[in-house]
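Residue numbers begin at 1 in each chain, while the letters A, B, ... track the order of the sequences. Just so it is clear, the structure is predicted and the values come from calculations on it, not from any experiment.
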Number of protein chains: 2
Amino acid sequence: MDEAHRSGCPINLTLEVLGDRWSLIVIRDIMFGNRRHFRELLQKSDEGIASNILADRLKRLVEKGLLYREDDPSHKQKTIYSLTEMAIQLVPLLAEMGAWGRRFLPVSEELAIRAELLEKGGRPLWEDFMEELRVLHLHGEPDPSKPSVFERLTAAYQEVLARKQAAAAE
Amino acid sequence: MDEAHRSGCPINLTLEVLGDRWSLIVIRDIMFGNRRHFRELLQKSDEGIASNILADRLKRLVEKGLLYREDDPSHKQKTIYSLTEMAIQLVPLLAEMGAWGRRFLPVSEELAIRAELLEKGGRPLWEDFMEELRVLHLHGEPDPSKPSVFERLTAAYQEVLARKQAAAAE
DNA sequence: ATTAACCAGTTGCAAAATACAAGCAGTTGA
DNA sequence: TCAACTGCTTGTATTTTGCAACTGGTTAAT
């Protein structure tokens, strides 16, 4: 199970886990898109991951401790994938990736809005979001007293998308 | 030159540039190890990159705008690779990667000390470090009035390494 | 002037990872 | 009863990676 590592450098070890073109895409979709089932991840991904690659990445991420796999009690064939604490703590990393990409790469407006909000909110917002993810993925008991960061991010995305579509329809 | 992108998502676009097992290793060695020549990157890398992969990554990173390649005036065959502003702004991302790796993966003590200092210093330290990198890679005029973050990181690494070697020698 | 060490890569080949399309046994809801 | 859906698997073609040897040229010491 324990493969040989190239080195004990923190950056290298992180790359050995996440340094490929799909692992973080899968985590992003579970985290920001709340996609919890295989077919959701397969079909609703903007990037179009192949089913065998998705299966392999889910297996790897479960083995590495980033995802937790369990049966869906409501449907004998469904499987639920959840983030572990290890994956939830990738929020700052993903926020930085989004911020950097937005600064230097040709991002699309509607997909960049979440990255913009995360960057502007800074670490306090990331902490709130991580706490929500813990509720959603680790406990399952939502706290209704706080406005949801997840919903704010999703709403902002929907809004930009709707605005763009309205503009395109004219 | 412009390949088709999988999507306009900032995280996806960042992964299309950096989402492999070597690109960020190369940038890390230039950034934290001040390795500026091909042979330095090839031989002093803890991970042992192959020469053809290194050549390919350097070419790609120059094409993507993360590195700048120029002849070394002191030696007709030497080439100097420098970080561009785009790469310098990866400092927060690399700091988060280091922090996450240190928390969850089996890092070695001497290689983790830099990540620890960067995490504890937080964004203000990152800004100082980025400013030093700009001097080192973009202008070439050091500012002697400030204590160097680069030197602090390097000294901390040397110290831990020396301590470990002394302990091992007993 | 010779020569050994050094320079940034390149070449050829095997192995591994990735991508694409089709298919599977079982489950569910109409 | 049956069409749609469930999480995958299989087979095959293509691309990427890894390893080792090698290249044409430069430099520094003898």
Side-chain angles (χ1 to χ4, degrees), chain A residues 3-7 12 15-27 29-30 33-64 66-82, chain B residues 3-7 12 15-27 29-30 33-64 66-82:
Chain A
E3 312 128 41
H5 294 296
R6 301 189 302 191
S7 88
N12 172 61
L15 284 173
E16 288 187 15
V17 176
L18 301 171
D20 71 271
R21 289 164 98 75
W22 289 111
S23 295
L24 280 174
I25 294 287
V26 171
I27 289 170
D29 282 347
I30 300 177
N34 201 32
R35 288 171 194 147
R36 309 291 290 270
H37 301 106
F38 189 93
R39 280 259 200 312
E40 283 181 319
L41 289 162
L42 188 66
Q43 292 164 355
K44 297 188 187 168
S45 157
D46 285 327
E47 289 84 12
I49 189 171
S51 60
N52 54 345
I53 307 291
L54 176 59
D56 179 75
R57 289 308 179 279
L58 287 170
K59 193 175 137 218
R60 269 190 43 139
L61 290 170
V62 168
E63 284 170 4
K64 302 274 182 184
L66 289 144
L67 296 181
Y68 177 62
R69 197 197 111 111
E70 63 194 321
D71 293 341
D72 185 335
S74 77
H75 188 303
K76 281 188 183 172
Q77 266 183 323
K78 279 190 178 173
T79 297
I80 301 179
Y81 288 95
S82 302
Chain B
E3 311 127 40
H5 295 296
R6 302 189 301 189
S7 87
N12 172 61
L15 283 173
E16 288 187 16
V17 175
L18 302 171
D20 72 272
R21 289 164 97 76
W22 290 111
S23 295
L24 281 173
I25 294 286
V26 171
I27 289 170
D29 283 346
I30 299 177
N34 201 32
R35 287 168 197 150
R36 309 291 290 271
H37 301 107
F38 189 92
R39 281 282 212 283
E40 283 181 320
L41 288 162
L42 188 66
Q43 292 163 357
K44 298 188 188 168
S45 157
D46 286 327
E47 289 85 10
I49 189 170
S51 60
N52 55 343
I53 308 290
L54 176 59
D56 180 74
R57 287 308 178 280
L58 288 170
K59 194 175 135 218
R60 269 191 42 136
L61 290 170
V62 168
E63 283 170 3
K64 301 274 183 186
L66 289 145
L67 296 181
Y68 177 63
R69 197 196 111 111
E70 62 194 320
D71 293 341
D72 184 335
S74 77
H75 187 302
K76 280 188 183 172
Q77 265 182 325
K78 279 190 179 173
T79 296
I80 301 179
Y81 288 95
S82 302

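- The NZ atom of B:K59 sits 12 Å away from the C1' atom of C:dG9 (whole-angstrom rounding).
- Atom pair A:D71:CG and D:dG7:P shows a separation of 11 Å (rounding to whole Å applied).
- The stretch residues 45-53 of chain B comes close to DNA chain D through B:S51, B:N52, B:I53, each having a heavy atom under 4.0 Å from the strand.
- Nearest-nucleotide mapping onto DNA chain C: of B:E40 and A:R21, the residue sitting toward the 5' end is B:E40.
- Residue A:W22 places at least one side-chain N or O closer than 4.0 Å to OP1 or OP2 of C:dA19.
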Considering only nitrogen or oxygen atoms on both sides, find all protein atoms under 3.5 Å from nucleotides 4-6 of chain D and state each distance.
{"residue": "D:dT6", "atom": "O2", "partner": "A:Q77", "partner atom": "OE1", "Å": "3.2"}
{"residue": "D:dT6", "atom": "O2", "partner": "A:Q77", "partner atom": "NE2", "Å": "2.6"}

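- Residue A:R6 places no side-chain N or O under 4.0 Å from the OP1 or OP2 atom of D:dT17.
- In terms of modelled atom types and a separation under 3.5 Å, the side chain of A:R60 and the main chain of A:V17 share a donor-acceptor contact.
- Here C:dC7 presents its P atom at 13 Å from CD1 of B:I80, a figure rounded to the nearest Å.
- No donor-acceptor pair under 3.5 Å is formed between the side chain of B:D46 and the backbone N or O of A:S7.
- In this entry the distance linking CG of A:D56 with P of D:dC8 reads 12 Å, nearest Å.
- Whole-Å rounding puts the A:D72 CG to D:dG7 P distance at 9 Å.
- Note: OH (B:Y81) to P (C:dC7) measures 14 Å, nearest angstrom.
- Taking every heavy atom of both residues into account, A:L24 and B:L15 meet most closely at CB-CD1, 3.8 Å.
- Residues A:L61 and A:I27 have side chains in contact (heavy-atom distance under 4.5 Å, counting atoms from C-beta outward).
- Atom CG of B:D20 is separated from atom C1' of C:dT18 by 14 Å (rounded to the nearest Å).
- Note: CZ (A:R57) to C1' (C:dA17) measures 8 Å, nearest angstrom.
- For the pair B:D29 and B:S45, the tightest heavy-atom approach, listed with the atom from each and the gap, is OD2-CB, 3.8 Å.
- Counting heavy atoms from C-beta on, the side chains of B:K78 and B:I80 never come closer than 4.5 Å.
- No side-chain heavy atom of A:H37 sits under 4.5 Å from any side-chain heavy atom of A:T79.
- For A:R69 (side chain) and A:Y81 (main-chain N/O), no donor-acceptor pair under 3.5 Å exists by modelled atom type.
- Using a 4.5 Å cut-off on side-chain heavy atoms (C-beta onward), B:D56 and B:N52 make no contact.
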